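Start at 1 and go down the list; that is how both ligands and their atoms are numbered. Counting begins at 1 with the first residue of the sequence. All values reported here derive from a predicted model rather than from experimental measurement.
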Amino acid sequence: MTDKKPQTMGQQYGRRSWAEPWKIKMVEPIILKTLEERQQAIEEAGYNTFLLRSEDVYIDLLTDSGTSAMSDRQWAGMMLGDEAYAGSRNFYHLEEAIREYYGYQHIVPTHQGRGAEHLISQAVIKPGQFIPGNMYFTTTRLHQELAGGTFVDVIIDEAHDPASTHPFKGNIDLDKLQELIDRVGAEQIAYVSLAGTVNMAGGQPVSMANVKAVRALCESYNIRVYLDATRMAENAFFIQEREEGYASTPIAAILKEFCSYTDGAWMSGKKDNLVNIGGWLAVNDEAVFDKARNMVVIYEGLHTYGGMAGRDMEALAIGIHEMVQDDHIASRVNQVRYLGDLLESWGIPLVKPIGGHAVFLDARAFYPHIPQNQFPAQTLAAQLYIDSGVRAMERGVVSAGRDPETGDHRYPKLELVRLTIPRRVYTQAHMDVTAEAVMAVFEKREETRGLKMVYEPEYLRFFQARFEPLK
Ligand SMILES: Cc1ncc(COP(=O)(O)O)c(C=O)c1O
């Protein structure tokens with residue numbers, strides 16, 4: 001028995017159990033390969049879970065990107081695709097949805113998030129400028145660097161400490177931001193790059209108070225604030241849950257208020273927006289819009305499809321509407337928390353509090369005997385696959401890449417493995433199986449050795465690097 005607030009509409013006051021606000025209409029069979037087959041598969045994949053074939057995976061927690069199950073409404077919307085080259089009606093539905101739920105004026109569609117990152121970076125960064133932000137994200141920072149900018153991390157210190165239980169670990173440290181402004185001058189700052197939630201910090205949220213304060217500071221220096229809105233609906237859930245004054249504010253209203261403190265956003269529709277492909281850039285400034293709309297025709301497609309089919313834009317518009325339903329977002333975040341709480345109760349080291357889209361295992365604490373240059377998180381992800389066919393992702397030294405100045409590895413404080421939960425795809429039983437797999441790998445931790453990197457591509461190496469076990 002519990003008197004806690006119900007997690008979803010299916011839970012009645014005083015009862016323990018709650019359930020997802022959907023039922024399954026179509027299923028996709030999955031299989032668990034034998035241990036020998038899994039060992040061979042990971043060896044052939046160079047101990048990089050990105051290089052595994054999906055058929056060799058049992059429970060796929062590599063990413064929540066493009067892996068959502070669409071609703072019957074979204075599939076019905078796919079049949080309404082207007083595949084005209086120019087002026088597709090689905091584009092206007094998408095534009096309406098973004099204006100209604102995010103509140104931005106001008107919309108440029110893109111094939112996915114990094115397409116939008118490319119456009120905003122090229123449109124507003126001048127070579128030599130700085131882009132302060134609440135922790136880097138791989139593709140975001142790379143596009144900022146390719147445009148000639150330098151990313152500067154101004155997130156609060158707690159974000160770098162896996163054990164800190166700060167409720168808004170995604171917050172910007174205003175003193176760090178002020179210090180950068182004083183040091184380089186406001187005109188040398190292209191914009192503030194604010195992400196809600198912060199993927200690399202463990203899916204941690206930004207508070208409404210923080211975005212308001214960032215806005216106020218930036219306004220006084222005429223600095224723009226652009227939002228990575230990829231998981232902003234999940235961020236809104238944490239505000240509703242944790243921030244005073246928002247407990248009875250609907251997710252949709254929280255999202256819109258948050259966005260109102262920013263000048264625009266880029267979006268990977270493959271996450272919050274519940275589609276398998278798609279993205280967008282949205283801004284309020286007409287001059288920035290003009291540049292981005294002109295550039296999109298070079299890199300993505302005409303400005304009324306941007307690399308998406310008409311049917312994709314329809315599914316995206318419907319996904320935005322579904323994303324802000326309070327029941328959906330509560331069950332989504334609570335499923336992640338269910339897995340995290342279970343693992344924590346068994347003593348598995350992980351990032352706290354549990355984030356919005358994933359449980360992040362702390363590979364340093366998991367394997368204290370494996371130094372960071374032997375890739376503890378990469379090792380843990382490989383071991384988890386070998387044990388149970390569960391696919392996770394490295395978020396540590398491999399993802400951080402090399403420092404462009406020194407050529408050395410960047411050694412991030414956080415050396416993590418991400419168990420990322422796709423939206424509306426797995427049940428709580430899959431979470432139980434996953435938790436037991438992690439426990440089994442934990443029990444064998446002392447006999448586990450690290451890896452050496454034997455192939456390293458130039459850009460975003462975590463996608464394609466190859467490794468071999470150390471003897
Ligand atoms: C926070 C964040 N920003 C941007 C992106 C890039 O989006 P996409 O993968 O759609 O290119 C991602 C994708 O993982 C992300 O998590």
Side-chain angles (χ1 to χ4, degrees), residues 49-50 60-68 102 108-121 131 133-147 151 153 155 159 169-170 172 191-206 226-236 238 258 262 264-282 296 299-301 306-308 312-313 315-316 319-320 323 332 336 355-358 360 392-395 398-401 414 416 418-423 459-460 462-464:
T49 51
F50 276 101
D60 201 347
L61 307 183
L62 183 74
T63 174
D64 61 333
S65 182
T67 52
S68 299
Y102 293 88
V108 183
T110 59
H111 76 286
Q112 60 182 79
R114 70 199 70 183
E117 289 170 345
H118 176 216
L119 298 181
I120 188 77
S121 305
I131 306 101
N134 53 347
M135 201 174 273
Y136 84 100
F137 182 70
T138 53
T139 55
T140 317
R141 180 176 63 190
L142 182 56
H143 279 296
Q144 291 162 346
E145 288 173 353
L146 289 172
F151 178 82
D153 188 7
I155 202 165
K169 279 169 98 172
I172 281 188
Y191 58 92
V192 170
S193 180
L194 180 71
T197 58
V198 182
N199 192 349
M200 304 300 278
Q204 303 296 331
V206 178
Y226 287 112
L227 176 68
D228 182 339
T230 297
R231 298 185 182 82
M232 199 45 230
E234 290 165 10
N235 198 111
F238 288 116
F258 195 103
T262 68
W266 62 89
M267 179 73 190
S268 171
K270 300 168 72 175
K271 282 81 164 178
D272 264 359
N273 290 173
L274 296 164
V275 287
N276 305 120
I277 193 72
W280 46 265
L281 174 68
V296 79
Y299 296 106
E300 307 277 321
M308 282 182 281
D312 297 332
M313 292 189 282
L316 186 38
I320 290 174
M323 157 196 94
R332 191 281 183 284
V336 176
H357 66 300
F360 287 73
M393 181 201 287
E394 191 264 9
R395 277 300 181 222
V398 184
S399 294
L414 298 178
L416 309 175
R418 192 178 81 177
L419 297 165
T420 338
I421 315 301
R423 296 166 184 79
Y459 297 113
L460 302 175
F462 58 95
F463 283 130
Q464 292 156 338

Just checking, is any N or O donor in the side chain of [X] or [Y] under 3.5 Å from an acceptor N or O on the other one?
X: Q144; Y: Y191; result: yes
X: N199; Y: H357; result: yes
X: T197; Y: E234; result: no
X: E394; Y: S399; result: yes

Non-neighbouring partners of A229 that pass side-chain contact (heavy atoms from CB on, under 4.5 Å), sequence neighbours left out |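 Partners of A229 by the side-chain contact (heavy atoms from CB on, under 4.5 Å) criterion, ordered by chain and then number, come out as Y102, L227, M232, A265, M267.
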Identity and distance of the protein heavy atom lying nearest [atom]:
atom: atom 10 (O) of ligand 1; result: S268 OG, 2.6 Å
atom: atom 8 (P) of ligand 1; result: Q112 NE2, 3.3 Å
atom: atom 9 (O) of ligand 1; result: R114 NH2, 2.9 Å
atom: atom 4 (C) of ligand 1; result: E117 OE2, 3.0 Å
atom: atom 6 (C) of ligand 1; result: T139 OG1, 3.6 Å

Could you check which of Y136, W266, F137 puts a non-hydrogen atom nearest to atom 5 (C) of ligand 1?
->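 The option holding the nearest heavy atom is F137.
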Give the numbers and elements of all ligand 1 atoms closer than 4.0 Å to a heavy atom of [X].
X: K270; result: 10 (O)
X: D228; result: 1 (C), 2 (C), 3 (N), 4 (C)
X: K271; result: 7 (O), 8 (P), 9 (O), 10 (O), 12 (C), 13 (C), 14 (O), 16 (O)
X: R231; result: 1 (C), 15 (C), 16 (O)

Step through it carefully: locate the ring centre of Y136, locate the ring centre of F151, and say whether they are under 6.0 Å apart.
->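 Ring centroids of Y136 and F151 are no less than 6.0 Å from each other.
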Quick one: side-chain hydrogen bond (donor to acceptor under 3.5 Å, both in side chains) partners of R141, sequence neighbours excluded?
->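 Testing R141 for side-chain hydrogen bond (donor to acceptor under 3.5 Å, both in side chains), a comparison that skips the adjacent residues, returns none.
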